[in-house]
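Accompanying notes for the structure given below.
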Number of protein chains: 2
Amino acid sequence: MASELDPRKKKILKVITDDYIVSAEPVGSRTIARRYDLGLSPATIRNEMADLEEGGYLEQPHTSAGRIPSDQGYRYYVDALMSLQQLSEKEIERIHQELDRHRQQLESIIHQTSKLLVQMTRYPSLVLSPHSEDAVFRHIQLVRLSDTAILALVVTDSGHVENKVIEFEGGISDAELDRISLILNEKLRGIRLKDLRSSLLSEIRSELIAHQDFYNEAIQLLTRVIGTTGTKERVYIDGATKILEQPEFSELHKFKPLMDALDEEERLYKLLSENIGGTFVKIGSENKSLGLSGCSIVTASYEIAGRTVGVIGVLGPTRMDYAKVLPIVENTAAILSELLTQMSRRCSK
Amino acid sequence: MASELDPRKKKILKVITDDYIVSAEPVGSRTIARRYDLGLSPATIRNEMADLEEGGYLEQPHTSAGRIPSDQGYRYYVDALMSLQQLSEKEIERIHQELDRHRQQLESIIHQTSKLLVQMTRYPSLVLSPHSEDAVFRHIQLVRLSDTAILALVVTDSGHVENKVIEFEGGISDAELDRISLILNEKLRGIRLKDLRSSLLSEIRSELIAHQDFYNEAIQLLTRVIGTTGTKERVYIDGATKILEQPEFSELHKFKPLMDALDEEERLYKLLSENIGGTFVKIGSENKSLGLSGCSIVTASYEIAGRTVGVIGVLGPTRMDYAKVLPIVENTAAILSELLTQMSRRCSK
DNA sequence: GATTAGCACTCGCCTAGCGAGAGTGCTAAC
DNA sequence: GTTAGCACTCTCGCTAGGCGAGTGCTAATC
């Protein structure tokens with residue numbers, strides 16, 4: 001697997017990939033000679049193509065069809081060949097605008113982001129919502145709903161709000177509730193939700209023991225809030241049906257497994273969470289994870305104040321327009337990061 | 001359009017529909033005579049079928065294929081012929097269990113409900129989440145996040161919580177915040193969100209004028225909370241790809257419009273919101289709304305304490321197994337109503 | 001030695017043609 | 001009113017043949 005190809009082979013591989021990405025048809029030597037001005041005859045190109053196939057960069061669906069890039073070919077293309085399509089000012093502006101319109105609410109922004117990706121790329125989009133384990137506790141608020149029901153609200157530094165109705169047999173007075181709130185806020189401010197589980201719990205427990213009267217109830221309450229916070233990570237998927245627009249999906253049955261995968265949140269979650277931190281392109285068989293051969297995903301992480309909190313990306317056939325998609329995904333992630341960071345600043349100032 | 005068919009015609013229409021629902025193939029006279037014990041010869045059945053076609057209940061895809069039910073035929077079938085499949089104890093139990101497991105959170109229950117419908121019917125499910133305009137205001141809470149950002153939480157009697165981060169240039173003191181909370185809670189308790197918009201606003205406005213000092217800020221805050229509350233209604237769709245399992249979708253291109261419709265929340269919203277209150281079966285062309293010819297939807301409303309708050313349903317080809325789906329949807333809605341009503345009781349007791 | 005032209009060959013795809021099967025409508029007999 | 005029989009129609013699947021695209025090889029050319 002010679003990792004360096006001579007310039008002409010590179011050029012030819014690039015041209016074949018470019019062409020195949022838009023046409024979805026195996027591309028032949030003649031087509032290349034005609035369509036692209038390489039100053040080479042079909043015969044020469046044929047020879048080069050034979051070499052590239054030898055090297056594992058190209059494949060023939062059957063004798064005497066044209067060639068198509070193999071997974072390895074795509075990999076090389078993505079890593080070394082493609083010329084990233086610059087997003088125009090206008091496109092970047094659009095991302096800004098669309099996201100800005102919904103700047104108020106986290107949920108809404110996430111949702112909007114995935115919709116935007118779908119529109120810009122014409123591929124289904126995946127969004128892994130803020131990874132709340134990494135979020136930092138900011139504020140807890142306990143609101144009485146009735147004698148036995150209490151609404152607990154946890155606000156994180158990303159502005160995310162989690163709410164949970166807790167039923168409470170024992171009954172708690174308003175004064176007790178306030179004191180519990182106070183203690184919790186004092187103790188928990190600035191702590192990452194991840195670190196919350198056990199270590200601090202005992203400390204708070206002893207703190208509360210001082211107020212013998214509601215020890216039991218308070219501990220109960222606390223463990224229940226913590227136990228159910230931070231589990232709300234979600235994978236949003238949007239435009240799933242866009243994948244059907246791709247010509248390779250005309251034989252539907254082949255892609256049943258893919259469609260099933262899209263319906264299963266856990267798989268997607270796993271898939272995305274492997275890609276936390278940075279930008280990733282995973283091609284075809286590189287997604288061993290279930291049913292996704294024949295597909296590629298392009299993902300980028302987004303962050304709040306430098307801390308990665310989630311992943312966005314799009315899903316498409318291996319014949320995906322990487323040169324176009326990659327910048328879109330990256331820019332969107334960047335702008336999203338910016339926006340979220342601003343939001344967070346505002347909240348914590 | 002004679003609204004009454006003679007018993008034998010009914011029987012034949014029913015048998016044809018039943019058969020077509022499972023086979024998805026046009027059904028012929030001979031098949032019926034063989035498969036169902038009607039004591040009639042194919043020829044007789046042919047005559048009856050000709051009559052039924054005359055009456056608009058059956059259609060022929062082409063000469064000398066079998067017959068398939070027309071939309072009108074389905075309508076008659078649903079209204080008069082089909083024998084509803086009783087759900088077994090076990091199935092009802094299952095609905096209870098699945099929903100119970102997630103009884104704590106509204107969002108989660110809604111989500112779970114739609115998943116459940118998909119699993120039980122093998123069709124995509126649609127859920128219109130609680131119609132918050134009909135919800136009753138219970139409590140508002142203002143939480144300071146920073147000098148300029150305030151988190152407003154509105155709790156409704158269904159236990160639904162809406163949150164909104166509000167930015168606030170002017171700056172407000174904690175005391176002011178508390179007083180605003182107080183006044184709002186006093187004034188708004190028990191009011192339906194729908195009635196909130198204008199009528200009460202002026203009253204509250206005059207109330208606040210008394211406290212000249214923060215008049216402007218308070219009004220601003222209030223209008224912003226109200227303006228953005230109650231807009232969070234959502235259509236959940238789940239298992240969209242299940243529709244592809246239906247044989248009629250093998251020619252994919254025909255159903256592109258449908259798939260598109262599934263991606264557009266507004267359309268679905270409109271579609272579902274037409275069906276508020278009770279159980280509906282809309283067949284084929286009865287869904288004039290965009291791209292849904294060839295499809296039927298079965299919906300049922302669910303309620304909290306007798307007040308309709310949302311709609312659940314499934315979407316399938318006109319050749320849908322109504323007899324099976326209808327009870328499932330109805331029962332699920334009923335159980336969901338029960339569960340939500342309980343939750344609401346607990347909150348308001 | 002690299003490049004190119006020419007040519008025979010291979011293979012998938014499209015079309016036409018054919019036969020089988022399923023289903024119908026009509027007619028005539030029961 | 002019901003049924004048997006029959007001719008007719010239409011779809012579907014299969015096969016064969018022609019076409020086109022593309023290849024690999026060889027020999028000629030630069």
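Protein chains get the first letters and strands the later ones, always in sequence-line order, with residue 1 at the start of each. Side-chain atoms are counted along with the backbone in the values below, which use heavy atoms only and exclude waters and symmetry mates.
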How many Å lie between [atom1] on [X] and [atom2] on [N], as a whole number?
| X | N | atom1 | atom2 | result |
| --- | --- | --- | --- | --- |
| A:R8 | C:dT4 | CZ | C1' | 12 Å |
| A:D6 | C:dA2 | CG | C1' | 13 Å |
| A:L52 | D:dG24 | CG | P | 12 Å |
| B:E53 | C:dT24 | CD | C1' | 10 Å |
| B:I68 | D:dT11 | CD1 | C1' | 15 Å |
| B:L58 | C:dT24 | CG | P | 10 Å |
| B:L38 | D:dT2 | CG | P | 13 Å |
| B:R35 | C:dG23 | CZ | P | 9 Å |

Could you tell me whether the side chain of [Y] reaches within less than 4.5 Å of the side chain of [X], counting heavy atoms only?
| X | Y | result |
| --- | --- | --- |
| A:L271 | A:I297 | yes |
| A:R67 | A:L52 | no |
| A:Y77 | A:L13 | no |

Check: Can a donor-acceptor pair under 3.5 Å be found between the side-chain atoms of B:R46 and the base atoms of C:dG25?
Finding: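 By the distance-only test, yes, there is a pair.
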Next item on the list: Report yes if a donor N or O on one partner sits less than 3.5 Å from an acceptor N or O on the other, where the partners are the side chain of B:T63 and the base of D:dT9; otherwise report no.
Entry: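 When only heavy-atom distances are counted, B:T63 does not reach the base of D:dT9 through any donor-acceptor pair under 3.5 Å.
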The side chain of [X] is closest to which nucleotide in this list: [options]?
| X | options | result |
| --- | --- | --- |
| A:S41 | C:dC11, D:dG24, C:dA5 | C:dA5 |
| B:Q60 | C:dT24, D:dT9, D:dT23 | C:dT24 |
| B:R30 | C:dG23, C:dT24, D:dT3 | C:dG23 |

Checklist line | Along DNA chain C (nearest heavy atom to each residue), the more 5'-positioned of B:G66 and B:N47 | finding: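 Here B:G66 is the residue nearer the 5' end.
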Next item on the list: Please figure out whether B:G39 or A:T31 has its closest DNA chain D nucleotide nearer the 5' end.
Entry: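 Of the two residues, B:G39 wins.
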Check: Starting at the 5' end of DNA chain D and moving along, which residue's nearest nucleotide shows up first, B:S64 or B:L40?
Finding: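 That would be B:L40.
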Next item on the list: Look at all strands and tell whether B:A43 reaches a base, only sugar-phosphate, or nothing, counting heavy atoms closer than 4.0 Å.
Entry: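 Result for B:A43 = base.
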Item checked: Sugar-phosphate only, base, or nothing, as touched by B:T44 at under 4.0 Å among non-hydrogen atoms ->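 Contact class for B:T44: base.
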Note to self: Tell me whether the rings of B:Y74 and B:Y20 are parallel (<30°), tilted (30 to 60°) or perpendicular (>60°).
What the structure shows: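 Tilted, since the angle between the ring planes falls between 30° and 60°.
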Check: Any side-chain N or O of A:R34 under 4.0 Å from OP1/OP2 of D:dG22?
Finding: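 Checking D:dG22 against A:R34, no side-chain N or O comes under 4.0 Å of OP1 or OP2.
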Checklist line | Residue-phosphate contact under 4.0 Å: A:S29 side-chain N/O, D:dG22 OP1/OP2 | finding: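 Negative; the distance criterion is not met.
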Next item on the list: For the residue pair B:D19 and B:Y36, confirm or rule out a side-chain donor-acceptor distance under 3.5 Å.
Entry: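 Yes, B:Y36 and B:D19 have a side-chain donor paired with an acceptor closer than 3.5 Å.
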